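Structure first, commentary second.
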Amino acid sequence: MKRTHNCGELRKNDENKNVTLSGWVHKYRNLGGLLFFDLRDRYGITQVIFDPAKVSQDIIELASKCRNEFVVSIDGVVKVKPDANRNLATGEIEIDANNIKIENESITPPFNFLKGRSDAKEELRLEYRYLDLRSEVMTRNLILRHKVTMATRNFLSEKGFLEIETPTFTKSTPEGARDYLVPARLFPGSFYALPQSPQIFKQLLMVSGMDKYFQIARCYRDEDARGDRQPEFTQIDIEASFVDENYIFSLTEGLMHQIFSESMGIEIPVPFERIPYSVSMEEYGVDKPDLRFGLKLKNITDITRNSEFGVFKNAECVKFIAVEGKEDLSRKQIGKYEDYAKHLGAKGLAFVKLVDGKFEAGIEKFLTDDDKRTIIELAEVNGNAMIFFGADRTSTVNKVLGGLRNRFGNELGLTDPKDFKFCWVTDFPMFEYNEEADRWDAMHHMFTMPKEEDIDKIENDPGNVLSKSYDLVLNGVELASGSVRIHDRDIQEKIFKRLDLTNEEIEDKFGFMLKAFKYGAPPHAGIAPGLDRLLQVMTGEETIREVIAFPKAKSLNCPLTKAPSEVSQDQLDELNISVKKK
RNA sequence: GGUCCGGUAGUUCAACUGGUUAGAGCACCUGCCUGUCACGCAGGAAGUUGCGAGUUCGAGUCUCGUCCGGACCGCCA
């Protein structure tokens, strides 16, 4: 028996066709006489019926042995059902079986996935991932992933981009995340590093004149995992020569438009709003604002300078967030938000209730009439509201109120997962001060072009140097990061110097790159959207793991293969490695 | 590395302040059932309450340790 159709394609107008279907028994219903199967493959589900009035006793006996997840093939005739099942695409028809072959039996699965999603905990789903992927939702997610990568390849290829592979065994470079290392057998004591991104290679390809490059590239970073972070993940890596940031903006906007259009039938409005980093931090408290809702942070530092209230008077920054309709929060509920604020670094969470145009409770008695007037003016609320204040160092205020803003966005139901709001965050600072190491680090990376007007500040005023870098943000998720690159050796050396890299370090780590740049490096710019995060937002999934076929668990192990695992002494000896036992 | 939440039948969960024989849905097994479509009905089997100590007359429940999973902080150019 060889299948003639899949389990998702037969319809009313196929009536009376002789067909053969193969698939898994999704659900069997034995009525004693009549016997029904829901037969499933990745295309869909089709009902099969065995009628003892029409087929031999042998076949009925064989069919009645089948259990869920048995693999079977069935010969039969397409019939229109007396009553259609509206829950199935094939619900108007069924296969009136005249023969069955059990291709393979299945032991009882550890969980069910009858309603589209597995009904087990994630740990178990990952251990039996091959079963979990049979579920409707996971199958749909993997199909969408394929559509997105195909749309990406088609779009970029049409625009003249070449897909070029770069090495996964490469050189460890300083800064950034921790590298995954691979011992080099022929070079005892030396290691390859898995790439955190193909950054250096794609810039070298620009020197090669490849002009427009892209790659669906696997990247590796040895840091703790999160819902939106895996140790290995996939980027749509893009670089182009003789272009500026505006080219990258419109290219990426076109790419996102095509991806949503081709894979989901959604027309995303372009161009995307551009928000300078400083504005984003001021109004949203974060560098990846969720634009699906307002709830902007309001700065009242100017008026609180003269406040009688010590907490406000002495703070570097005072901002508030006015949450409409939340003025009836209980003391206990407010405590819950205060705990959250403390978790984010706040010392406390001052609040005041705005009820019928008047302030009540909380820090009401510390506010002057002038303060209240200003707050009402800035708050821009219709009706009553709960107002939360942050008063601390600017970075802490932003962290706390930015976090609360996102939390309220969620709790107030303002974050519709079907609402896709893109924006660009631009003009990031070039450097950020690393207190622990007492030095300046590159905020994006050290090949990022500073703004021309800021170049002479690099040496003495690094904190005020802005760069030609940009992030693409979708619904509060950082989807992509990119920049115009430095193609001028002098500027590059200035940056290296500012980052306190010695000549020896520069030569050792980047000598090959600087050498390449002596042979005519074109001006170039690029970007790298994260494929997994894009799919996470598109599918509305809670974690990136739901759009990856075989993800690692949060602790970075693989419940399916049990990797990582110890290796034999022989393997270690060959690699000249001795292991410290804990 | 830190804070918090969780681990009870194959599975998802329940078990009030410590107190009888640890329960239910789904799955599984047996029987009945000719239009079900999450079929139905009747019955059955199924437990080292993650692991190890401790407190107690008595621990799923309280304490300590440990392992595993998750969320957040740190970290992630």
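Not measured: the values here are computed from a predicted model. Order of the sequence lines sets the chain letters (A, B, ...), proteins ahead of strands, with each chain counted from 1.
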Separation of [X] atom [atom1] from [N] atom [atom2], in whole Å?
X: A:Arg117; N: B:rA38; atom1: CZ; atom2: C1'; result: 18 Å
X: A:Glu123; N: B:rC5; atom1: CD; atom2: P; result: 19 Å
X: A:Phe111; N: B:rA9; atom1: CZ; atom2: P; result: 17 Å
X: A:Ile95; N: B:rG35; atom1: CD1; atom2: C1'; result: 16 Å
X: A:Glu69; N: B:rA27; atom1: CD; atom2: P; result: 13 Å
X: A:Leu124; N: B:rC13; atom1: CG; atom2: P; result: 11 Å
X: A:Leu114; N: B:rU12; atom1: CG; atom2: P; result: 15 Å
X: A:Asp83; N: B:rC39; atom1: CG; atom2: C1'; result: 14 Å

Which atom pair, heavy atoms only, marks the closest approach of A:His26 to A:Asn68? O-OD1, 3.8 Å

Indicate the atoms forming the closest heavy-atom contact of A:Lys202 with A:Asp237, along with that distance. NZ-OD1, 2.7 Å

Once you measure the plane-to-plane angle for A:Tyr130 and A:Tyr128, does it fall in the parallel (<30°), tilted (30-60°) or perpendicular (>60°) bin?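 The arrangement is perpendicular - the two ring planes meet at more than 60°.
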
Please determine whether a side-chain nitrogen or oxygen atom of [X] lies at a distance below 4.0 Å from atom OP1 or OP2 of [N].
X: A:Lys342; N: B:rC73; result: no
X: A:Arg29; N: B:rC39; result: yes
X: A:Arg67; N: B:rC29; result: yes
X: A:Arg226; N: B:rC73; result: yes
X: A:Asn30; N: B:rC32; result: no
X: A:Ser555; N: B:rC68; result: no
X: A:Arg229; N: B:rA71; result: no

So, does the side chain of [X] form a donor-acceptor pair with the base of [N] at under 3.5 Å?
X: A:Lys27; N: B:rA38; result: no
X: A:His343; N: B:rC73; result: no
X: A:Arg125; N: B:rG69; result: no
X: A:Asp224; N: B:rG74; result: yes

What is the nucleic acid contact for A:Asn434, judged by heavy atoms within less than 4.0 Å: base, sugar-phosphate only, or nothing? nothing

Touch check for A:Gly227, heavy atoms < 4.0 angstrom, all strands: base, sugar-phosphate only, or nothing? sugar-phosphate

Set out, in order, the CA-CA distance, both residues' side-chain angles and the distance that settles salt bridge (charged side-chain N to carboxylate O under 4.0 Å, His left out) for A:Lys27 and A:Asp38, then state yes or no. CA-CA 5 Å; A:Lys27 185 74 187 159; A:Asp38 287 337; over 6 Å; no

Could you check which nucleotide pairs with [N] in any of the strands shown, counting Watson-Crick or G-U wobble with both distances under 3.5 Å?
N: B:rU66; result: B:rG50
N: B:rC16; result: none
N: B:rU56; result: none
N: B:rU11; result: B:rG25
N: B:rU61; result: none

Given that A:Ala225 and A:Asn112 both sit by RNA chain B, which one's nearest nucleotide is further toward the 5' end? A:Asn112

Taking for each residue the nucleotide of RNA chain B with the nearest heavy atom, is it A:Ala84 or A:Lys554 whose nucleotide lies nearer the 5' end?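 Nearest-nucleotide comparison on RNA chain B picks A:Ala84.
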
Under 6.0 Å from the six-membered ring centre of A:Phe233 and within 45° of its axis: does the NZ or CZ of A:Arg221 meet both?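 A:Arg221 over A:Phe233 ring: no.
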
Check: A:Phe428 ring centroid to A:Tyr277 ring centroid under 6.0 Å: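 So the answer is yes for these two rings.
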
Ring-ring centroid check A:Phe510 A:Phe447, cutoff 6.0 Å: yes

Which nucleotide wins on minimum distance to the side chain of [X], given the candidates [options]?
X: A:Ala177; options: B:rA38, B:rC76, B:rU34; result: B:rC76
X: A:Lys121; options: B:rU8, B:rG70, B:rC28; result: B:rU8
X: A:Glu122; options: B:rC37, B:rG70, B:rU34; result: B:rG70
X: A:Arg545; options: B:rA27, B:rG74, B:rA71; result: B:rA71

Suppose you measure atom [atom1] in [N] against the same atom in [M]; what distance do you get, rounded to whole Å?
N: B:rU49; M: B:rA59; atom1: P; value: 12 Å
N: B:rA24; M: B:rU34; atom1: C1'; value: 32 Å
N: B:rG25; M: B:rA71; atom1: P; value: 32 Å

Decide, applying a 5.5 Å centre-distance limit and a 30° plane-angle limit (both strict), whether A:Phe36 stacks on B:rU36. yes

I'd like to know whether A:Lys509 forms a salt bridge (charged side-chain N to carboxylate O under 4.0 Å, His left out) with A:Glu504, so could you lay out the CA-CA distance, the side-chain angles of the two residues, the decisive distance to 0.1 Å, and finally the verdict. CA-CA 8 Å; A:Lys509 300 295 182 189; A:Glu504 290 72 30; over 6 Å; no

